[in-house]
Protein chains: 2
Amino acid sequence: MKSAVKAQQAEDSAETGAQQIRDAIREAIVERRLSPGTKLSESDVGNLFNVSRTLARAALQALSYEGLVSVEKNRGAFVAYPSPDEARQIFAARRLVEPGILREAAARITPGDISQLRELLLEEGRLMSERGQTARRAEIKASGDFHLMLAEISGNAIMQRFMEELVARSSLVIALYGQSTASSCGHSEHGDIIAAIENDDLDRACQLMLHHIAHIEADLDLRARKSLGLKEAFEL
Amino acid sequence: MKSAVKAQQAEDSAETGAQQIRDAIREAIVERRLSPGTKLSESDVGNLFNVSRTLARAALQALSYEGLVSVEKNRGAFVAYPSPDEARQIFAARRLVEPGILREAAARITPGDISQLRELLLEEGRLMSERGQTARRAEIKASGDFHLMLAEISGNAIMQRFMEELVARSSLVIALYGQSTASSCGHSEHGDIIAAIENDDLDRACQLMLHHIAHIEADLDLRARKSLGLKEAFEL
DNA sequence: ACGCAAAAAGTTGTATACGATTTCGCTGCC
DNA sequence: GGCAGCGAAATCGTATACAACTTTTTGCGT
């Protein structure tokens with residue numbers, strides 16, 4: 001599925017080296033190898049990928065359009081540090097669009113799609129039982145891929161791109177505000193949703209999706225701890 | 001309202017000259033002063049705004065992320081020429097998200113917002129009765145602003161940005177495939193939607209919104225006339 | 001020793017330069 | 001007359017250079 005997602009955008013383009021850098025950094029952010037707030041200086045990025053600052057800058061700009069990095073004028077680019085309010089908006093957006101995407105996907109889903117989804121779930125479960133950071137990161141990506149694949153099946157490239165943005169930003173939010181050591185997504189809920197789709201019970205599938213999103217959000221601690229930095233941090 | 005929309009993004013940023021160029025070009029595209037397919041060479045854009053190719057390029061890249069221009073490797077940037085399929089996806093996306101946005105907006109709407117919406121409608125009506133291209137362009141923008149303002153009222157900046165993209169791209173689609181000489185949006189339908197909101201009849205408001213979108217789409221001729229260029233163009 | 005000011009270092013914003021790729025027009029051949 | 005091939009012009013992709021701004025360090029005075 002990963003290849004399918006990429007192919008759709010690749011086509012003739014492979015636009016430029018900047019694209020590759022953008023993708024590499026995005027992956028690093030989504031997999032949480034880069035923490036929110038980390039500074040991404042143009043020179044450093046350029047050196048890291050052996051390109052000039054021009055390309056590094058282009059990649060960072062691109063990521064800022066996706067909301068994954070924030071560039072501050074004359075100060076530089078940082079891995080985005082979503083505020084609690086932003087976090088709420090991200091999940092509100094997901095609650096708003098994912099049921100609709102699910103409905104469209106269900107209308108066009110093929111047996112092949114379903115088996116691919118199942119495969120994804122299996123992989124996810126396997127990673128879940130594994131130990132180690134590598135497995136954890138792969139699991140994070142896999143759980144997002146479930147939602148992305150639904151968007152892909154829906155056949156609407158625009159919604160798919162939007163979901164990619166939302167999933168990526170969700171990962172950032174979870175990295176910042178997530179509490180449970182458990183992974184980002186309740187794995188079993190994904191399976192339930194597929195089952196509901198197979199049973200042609202669309203309303204139930206949507207309801208499950210909403211619950212699922214609410215579940216993820218419930219694991220967050222979005223109390224505005226605005227730096228809490230001075231006295232409060234030390235008076236105990 | 002225009003100022004409000006801009007202020008929200010301006011804040012401290014005003015990031016750079018590229019942003020201004022991007023906005024100027026976008027406005028030109030949305031108001032249909034630039035037709036789909038028009039070539040936007042980096043040098044030309046740079047000269048036009050008296051900046052280097054660097055900034056022109058950045059602006060064009062930004063617009064390509066919004067789907068308003070398509071850049072082809074080693075060939076240049078063009079005002080986007082959405083395919084019929086893309087057009088359908090754009091409107092499918094709008095049908096998917098606008099009812100949700102409407103619901104959120106209705107939940108937070110204030111009397112002040114309503115009067116602002118009414119004001120927008122009045123302006124729209126006034127422009128509608130005027131003659132001339134300038135009025136036509138202003139009307140196009142105004143009719144889009146109605147949808148954008150609902151997104152703004154909804155309080156979700158992410159959905160707002162997404163709607164901005166969808167409305168802008170819709171304008172392109174209408175420019176390409178629209179048939180009626182009449183303006184893009186049925187003006188009266190906007191008023192009906194506001195009325196339904198005021199009556200707390202959300203379901204009706206959503207239904208009106210869906211009809212409204214369907215209406216716009218119905219005015220399009222999305223038959224794939226694939227260039228129609230060879231024999232068909234001349235055999236009559 | 002502390003605080004403030006000025007300079008130095010580092011980083012971003014923009015312009016220019018150069019190599020690579022495409023496009024277009026020309027010449028020459030069929 | 002038309003088409004293939006070649007060369008020039010235009011345009012894009014990327015690197016480098018310089019100016020403007022920010023941050024840090026240094027040094028002086030109190």
Side-chain angles (χ1 to χ4, degrees), chain A residues 9-25 29 34-81 227 229-230, chain B residues 9-26 29 34-81 227 229-231:
Chain A
Q9 200 163 1
E11 296 256 336
D12 62 84
S13 55
E15 159 127 13
T16 151
Q19 232 80 343
Q20 282 180 276
I21 299 172
R22 168 173 68 80
D23 291 344
I25 297 181
I29 293 177
L34 284 169
S35 305
T38 304
K39 166 139 200 185
L40 302 172
S41 102
E42 296 176 355
S43 325
D44 290 353
V45 172
N47 289 351
L48 191 56
F49 291 92
N50 285 90
V51 295
S52 78
R53 249 186 25 160
T54 306
L55 291 191
R57 183 185 181 81
L60 292 172
Q61 284 292 123
L63 288 166
S64 95
Y65 294 125
E66 302 179 29
L68 290 184
V69 320
S70 73
V71 306
E72 300 174 30
K73 179 172 160 141
N74 276 321
R75 285 190 25 90
F78 305 83
V79 179
Y81 196 104
S227 88
L230 299 173
Chain B
Q9 198 163 359
E11 296 257 336
D12 60 84
S13 56
E15 159 128 12
T16 149
Q19 232 79 345
Q20 283 179 275
I21 299 172
R22 168 173 68 81
D23 291 345
I25 298 180
R26 173 169 41 206
I29 294 177
L34 284 169
S35 305
T38 304
K39 166 137 201 188
L40 302 171
S41 101
E42 296 175 355
S43 324
D44 290 353
V45 172
N47 289 352
L48 191 57
F49 291 93
N50 284 88
V51 295
S52 78
R53 243 183 10 116
T54 307
L55 291 191
R57 183 187 181 81
L60 292 172
Q61 284 292 124
L63 287 167
S64 95
Y65 295 127
E66 302 178 30
L68 289 184
V69 320
S70 72
V71 307
E72 299 175 30
K73 179 172 159 140
N74 275 320
R75 284 189 25 91
F78 305 82
V79 178
Y81 197 105
S227 88
L230 300 172
K231 291 179 299 185

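Letters A, B, ... are given to chains in the order of the sequence lines, protein chains preceding strands, and every chain is numbered from 1.
At whole-Å resolution of the value, NZ in B:Lys73 and C1' in C:dT22 are 12 Å apart. In this entry the distance linking CZ of B:Arg57 with P of C:dT14 reads 16 Å, nearest Å. The CG atom of B:Leu55 sits 9 Å away from the C1' atom of C:dA15 (whole-angstrom rounding). We find that CZ of A:Phe78 is positioned 13 Å from P of D:dT22, with the value rounded to whole Å.
Of the candidate nucleotides C:dT12, D:dG13, C:dT16, D:dG13 has the atom nearest to the side chain of B:Asn74. Distances from the side chain of B:Arg75 to the nucleotides D:dT23, C:dT23, C:dA15 place C:dT23 closest.
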Go through B:Arg26 and B:Glu66 one step at a time and tell me if the side-chain contact (heavy atoms from CB on, under 4.5 Å) criterion holds.
CA-CA 10 Å; B:Arg26 173 169 41 206; B:Glu66 302 178 30; 2.5 Å; yes
Are A:Val69 and A:Ile29 close enough, and set up right, to give a side-chain contact (heavy atoms from CB on, under 4.5 Å), and what steps lead you there?
CA-CA 9 Å; A:Val69 320; A:Ile29 293 177; 3.9 Å; yes
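Of the residues in residues 38-53 of chain A, A:Val51, A:Ser52, A:Arg53 come within less than 4.0 Å of DNA chain D through at least one heavy atom, sorted by number.
Applying the side chain to side chain contact (heavy atoms under 4.5 Å, CB included) rule to B:Thr38 yields the partners B:Leu34, B:Ser35, B:Val79; only residues at least two apart in sequence or on another chain are considered.
Smallest separation of non-hydrogen atoms from A:Gly37 and A:Phe78: O-CD2, 3.6 Å. The nearest pair of heavy atoms linking A:Lys39 to A:Arg75 is NZ-O, 2.9 Å.
The distance from atom OG of B:Ser41 to atom CZ of B:Arg57, rounded to the nearest 0.5 Å, is 12.0 Å.
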